[in-house]
Amino acid sequence: MSMIGKADFSEDEWETLRRGLTGTGMLFSVADPGFMDSIGESNALAKYLAAQKVAGDTKLVRDLCAVPGTGFGLTAKPNEIRDGTIAALRSAVEILTAKAPEELDPYRQVVLGIATAVAEAKKGVSPSEEAVIEAVKEALGTA
């Protein structure tokens, strides 16, 4: 089992990996805005991260899920979240391919798990949320 964790990455690399993970959860609030939906989506993200912090497949996944915060400021605009998350996911694939290829699939799985958990949090998956999932898959190279 891989023991790769935060110490194996620069601060910038770590922040990129983290931003891709948490930004994925935030994309759904941006795609289909609604106050009550956002609360449910935030709760789904928090529950998913809490579960992965304990039961994630690898140390890297558990470490990433244990870090509080989103990587985005409270005043981040929807396009900043969308563009920043997609860029972070693409960069995360490059970082993991270069530094820890064995961690790429577990990272992809946890990101897609977040996408599914948050998209299904309220009223099922809307067409705009389905588009977000496809954009996330494309950024991860799994589309």
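In this text the structure is predicted, and so the values were computed from the model without any measurement.
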Please give me the minimum heavy-atom distance between [X] and [Y], naming the atom from each residue.
{"X": "Ile133", "Y": "Ala119", "answer": "CD1-CB, 4.0 Å"}
{"X": "Thr22", "Y": "Leu49", "answer": "CG2-CD1, 4.2 Å"}
{"X": "Thr24", "Y": "Leu89", "answer": "OG1-CD1, 3.7 Å"}
{"X": "Asp63", "Y": "Lys6", "answer": "OD2-N, 3.6 Å"}
{"X": "Ala121", "Y": "Ala44", "answer": "CB-CB, 3.7 Å"}
{"X": "Thr16", "Y": "Tyr107", "answer": "O-OH, 4.3 Å"}

Does any non-hydrogen side-chain atom of [Y] lie less than 4.5 Å from one of [X]?
{"X": "Leu112", "Y": "Thr142", "answer": "yes"}
{"X": "Val110", "Y": "Cys65", "answer": "yes"}
{"X": "Ile4", "Y": "Lys59", "answer": "no"}
{"X": "Ile81", "Y": "Lys77", "answer": "no"}
{"X": "Pro106", "Y": "Leu60", "answer": "no"}
{"X": "Val61", "Y": "Leu21", "answer": "no"}
{"X": "Thr116", "Y": "Tyr48", "answer": "no"}

Rounded to the nearest 0.5 Å, how far apart are [atom1] of [X] and [atom2] of [Y]?
{"X": "Glu41", "Y": "Phe28", "atom1": "CD", "atom2": "CZ", "value": "8.0 Å"}
{"X": "Glu103", "Y": "Asp57", "atom1": "CD", "atom2": "CG", "value": "9.5 Å"}
{"X": "Arg90", "Y": "Ile95", "atom1": "CZ", "atom2": "CD1", "value": "14.0 Å"}
{"X": "Met26", "Y": "Arg19", "atom1": "CE", "atom2": "CZ", "value": "10.5 Å"}
{"X": "Thr85", "Y": "Leu27", "atom1": "OG1", "atom2": "CG", "value": "4.5 Å"}
{"X": "Ile114", "Y": "Lys47", "atom1": "CD1", "atom2": "NZ", "value": "15.0 Å"}

Original post:
What residue pairs, at least two apart or across chains, pass salt bridge (charged side-chain N to carboxylate O under 4.0 Å, His left out) with a residue in residues 92-101?
Top reply: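 Non-adjacent pairs meeting salt bridge (charged side-chain N to carboxylate O under 4.0 Å, His left out): Glu13-Lys99.
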Quick check against the 3.5 Å criterion: does [X] have a side-chain atom that pairs as donor or acceptor with the backbone of [Y]?
{"X": "Arg108", "Y": "Leu140", "result": "yes"}
{"X": "Arg62", "Y": "Gly56", "result": "yes"}
{"X": "Asp83", "Y": "Glu80", "result": "no"}

